[in-house]
Q: 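One structure coming up, written as structure tokens, with questions to follow.
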Amino acid sequence: MMLLFNDLTRKREEFVPITPGKVSFYSCGPTVYDYFHIGNARPFIVFDVLRRWLEHEGYKVTFVQNFTDIDDKMIHRAHQEHITVAELADKFIAEYNRDADALGIRRPDVSPRATEHIPEIISTIEKIIANGHAYVSEGDVYFDIRSWPKYGSLCKQNLEDLEAGARVEPGEKKRDPLDFALWKAEKPGEPSWPSPWGKGRPGWHIECSAMSSKYLGDNIDIHSGGVDLMFPHHENEAAQSEAASNSGKPFVNYWLHNGFLLIDSEKMSKSLGNFLTARAAIEKYPPLALRFFMLSAHYRSPINFTPESLEQSSAGVERLRNCKGDLDFAAKTRRNDSASFDVDGYKSQLQELDKKFSDAMNDDFNTAAAMGILFDVVYLINTTMKDNETLPGEFFTLSQNALKGYDDILGVIGSDEAENDDAEIESLIQERTEARKAKNFKRSDEIRDELKERGIVLEDTPQGTKWKREL
RNA sequence: GGCGGUAUAGCCAAGUGGUAAGGCAGAGGACUGCAAAUCCUUUACCCCCAGUUCGAAUCUGGGUGCCGCCUCCA
């Protein structure tokens, strides 16, 4: 049984998919006007891991994440850069993919772009108007929140409080300050598309309603995003989608929102000068450490991005990787299939830990607790190798598979790929081994220091010298 | 002002009634030519004050601190 905290009810609920064995999952993606920042990276990483976990649990998941490629920020930036909005979008979609790939974030099953779904958006708006929940006003179309009694039910605010903070732009023709644009009439110099209400462009929220409905249907299992999207974006999305479908069914069964990422205990903002793109973070810290950091706290808690926390995360990743490296090395040097070893006992210990890991992941996706279990697995492997001179192949197969299984979900260990200086490194190690045999420690330490400079760390073991690349 | 979240060791962080996971850092030890890795040992009056209970980090009430949303920012 899987429990998920549903922001609709503010409770942990058992996850029951609409269709047994299948999950429809929509996650809000980036507005592609710039590189995405480290705060954006949190939902991308965390919900990608949730997606993997759902698949691990046997669900066939359809994961949709949009690209918002038309809005005020897009238009503004394109003007600045003297390029078209479409060119800007193409560029930053490519940059998104580059950074997301580097962070080990799997590509969604569908990555729809708003501008490629104008007909769907228009027909969604038409349905909302036909159902009496939107009105046309001088080329704009607004959602009529007063016609929607459930409005405010996701963010749990009453309309008066929301209204107190509502902002009305000059030129907007709203009946109520909280009404929001589904369609915006064309302004000079802005991209526009023909519509029944004249030329214009879609509002911010409507694309998600139109595209989620197209790819996932009117009633979807999971919708995720950052907490700050809860209002107004998700509140509006839900109102639109339900007003359009008019089916009486909720737009979303489980709303999931990740907590905010702070930098040095402050909200990231350009004015504070603590703005950090994912690109810059990847250049500064190992992607594995960034993932480790994101998964080391519960996804709904706030996390604080500091140099110290990233160093700690890097050290944690090192421990995981050391275990994998030691295991792989021992598999080559200490394997002995006739060694006496209680394979069944070991297997049941691993299974017990695996059960704990699953329990943690199924308890509102508690990756922090699950990572704790991963370290327990590491400890079991390390102590087993410590206590046994040689081990049978089954030990290595079981252990390696266990680590790989966890890493397929969390992506915090990684694998080592051969590089073209491998042979040279190994020949230097061979030379060092000869030097050590001859008690020429000066030469042997020289070689070790030289390799250290190049990010290669040597470890001498009774079975020979093992080496690894630093993160 | 309204709504919500959070407060656990030097640091990060699990833990929704039964004598506090895990990681990082530190100290001592084993191992090592020296290291590194690993292993062993070691580090907590769970923000404060009341209350409920046989029993609370966990529940209730009241404080205090920090954070977020209410401003098309994940």
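Each chain gets a letter, A, B and so on, in the order the sequences are listed, and its residues count up from 1.
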Q: Once you apply a heavy-atom cut-off of 4.0 Å, does A:Ser444 come out as touching a base, just sugar-phosphate, or nothing?
A: base
Q: Strictly distance-based, threshold 3.5 Å: is any side-chain N or O of A:Lys174 a donor or acceptor partner for the main-chain N or O of A:Asp179?
A: yes
Q: Both distances under 3.5 Å, Watson-Crick or G-U wobble: report the partner of B:C47, or none.
A: B:G63
Q: Hey, does A:Arg436 reach any base, or is it just sugar-phosphate, or nothing, if we go heavy atoms under 4.0 Å?
A: base
Q: Please work out if A:Ser296 contacts a base, only the sugar-phosphate, or nothing of the nucleic acid, heavy-atom cut-off 4.0 Å.
A: sugar-phosphate
Q: Reckon A:Asn258 touches a base, only the sugar-phosphate, or nothing at all at heavy-atom distances under 4.0 Å?
A: base
Q: Pick base, sugar-phosphate or nothing for A:Asp445, based on heavy-atom distances below 4.0 Å to the nucleic acid.
A: base
Q: Within the structure shown, what part of the strands sits under 4.0 Å from A:Gly225 by heavy-atom distance: base, sugar-phosphate, or nothing?
A: sugar-phosphate
Q: With a 3.5 Å cut-off and no angle check, do the side chains of A:Asp364 and A:His298 form a donor-acceptor pair?
A: yes
Q: In Watson-Crick or G-U wobble terms, both distances under 3.5 Å, what is the partner of B:A57?
A: none
Q: Is it the case that A:Arg51 places NZ or CZ above or below the six-membered ring of A:Phe25, under 6.0 angstrom from the centre and within 45 degrees of the axis?
A: no
Q: Who does B:C39 pair with, Watson-Crick or G-U, both distances under 3.5 Å?
A: B:G29
Q: Who pairs with A:Glu242 by salt bridge (Lys or Arg N to Asp or Glu O under 4.0 Å), at least two apart in sequence or on another chain?
A: A:Lys150
Q: Let me spell it out: for each of A:Thr383 and A:Arg432, pick the nucleotide of RNA chain B with the closest heavy atom. Which residue's pick is nearer the 5' end?
A: A:Arg432
Q: What's the gap between B:C47 and B:C67 when it is taken at their C1' atoms, as a whole Å value?
A: 16 Å
Q: Can you tell me the Watson-Crick or wobble partner of B:C24, both distances under 3.5 angstrom?
A: B:G10
Q: Using the P atom on both, measure B:G10 against B:G5 and round to a whole Å.
A: 28 Å
Q: Are any side-chain N or O atoms of A:Arg42 and backbone N or O atoms of A:Phe260, one a donor and one an acceptor, separated by less than 3.5 Å?
A: yes
Q: Polar atom pairs between nucleotides 25-31 of chain B and protein, under 3.5 Å, N or O only, would you list them?
A:
none

Q: Using the ring centroid of each side chain, check whether A:His257 and A:Tyr299 are separated by less than 6.0 Å.
A: no
Q: Tell me the interatomic distance from A:Glu450, atom CD, to B:A36, atom P, rounded to whole angstroms.
A: 20 Å
Q: Does A:Asp326 reach a base, just sugar-phosphate, or nothing at all? Heavy atoms under 4.0 Å.
A: sugar-phosphate
Q: I need the NZ-P distance between A:Lys73 and B:U71, as an integer number of Å.
A: 16 Å
Q: Check every strand shown and say whether A:Asn322 touches a base, only sugar-phosphate, or nothing at a heavy-atom separation below 4.0 Å.
A: sugar-phosphate
Q: Taking any heavy-atom pair under 4.0 Å as a contact, classify A:His233: base, sugar-phosphate, or nothing.
A: nothing
Q: What integer distance in Å separates A:Ile373:CD1 from B:A14:C1'?
A: 9 Å
Q: Quick check, does A:Phe441 stack with B:G33? I mean ring centres under 5.5 Å and planes off by under 30°.
A: yes
Q: Can you tell me the Watson-Crick or wobble partner of B:G68, both distances under 3.5 angstrom?
A: B:C3
Q: Quote, to the nearest angstrom, the C1' distance that separates B:U53 from B:U58.
A: 13 Å
Q: Is A:Arg319 touching bases, backbone alone, or none of the nucleic acid, heavy atoms closer than 4.0 Å?
A: sugar-phosphate
Q: Decide yes or no on side chain to side chain donor-acceptor pair (under 3.5 Å) for A:Gln240 and A:Thr124, but give the supporting numbers first.
A: CA-CA 8 Å; A:Gln240 290 168 343; A:Thr124 304; over 6 Å; no
Q: Hey, does A:Glu459 reach any base, or is it just sugar-phosphate, or nothing, if we go heavy atoms under 4.0 Å?
A: base
Q: Hydrogens and angles aside, do A:Tyr406 and A:Asp354 bring a side-chain donor and acceptor to less than 3.5 Å of each other?
A: yes
Q: Mind checking the P distance from B:C48 to B:A36? Whole angstroms is fine.
A: 40 Å
Q: Could you check A:Ile303 against A:Lys442 and say which one's nearest nucleotide on RNA chain B is further toward the 5' end?
A: A:Ile303
Q: Give A:Asp376 one of three labels, base, sugar-phosphate or nothing, depending on what nucleic acid heavy atoms sit under 4.0 Å from its own.
A: sugar-phosphate
Q: What is the distance, rounded to the nearest whole Å, between atom CZ of A:Phe260 and atom P of B:C69?
A: 5 Å
Q: Heavy atoms only, 4.0 Å cut-off, all strands: where does A:Ala368 land among base, sugar-phosphate and nothing?
A: base
Q: Tell me: CG of A:Leu262 to C1' of B:C12, nearest whole Å?
A: 14 Å
Q: Taking the six-membered ring for Trp, are A:Tyr26 and A:His223 parallel (under 30°), tilted (30 to 60°) or perpendicular (over 60°)?
A: tilted
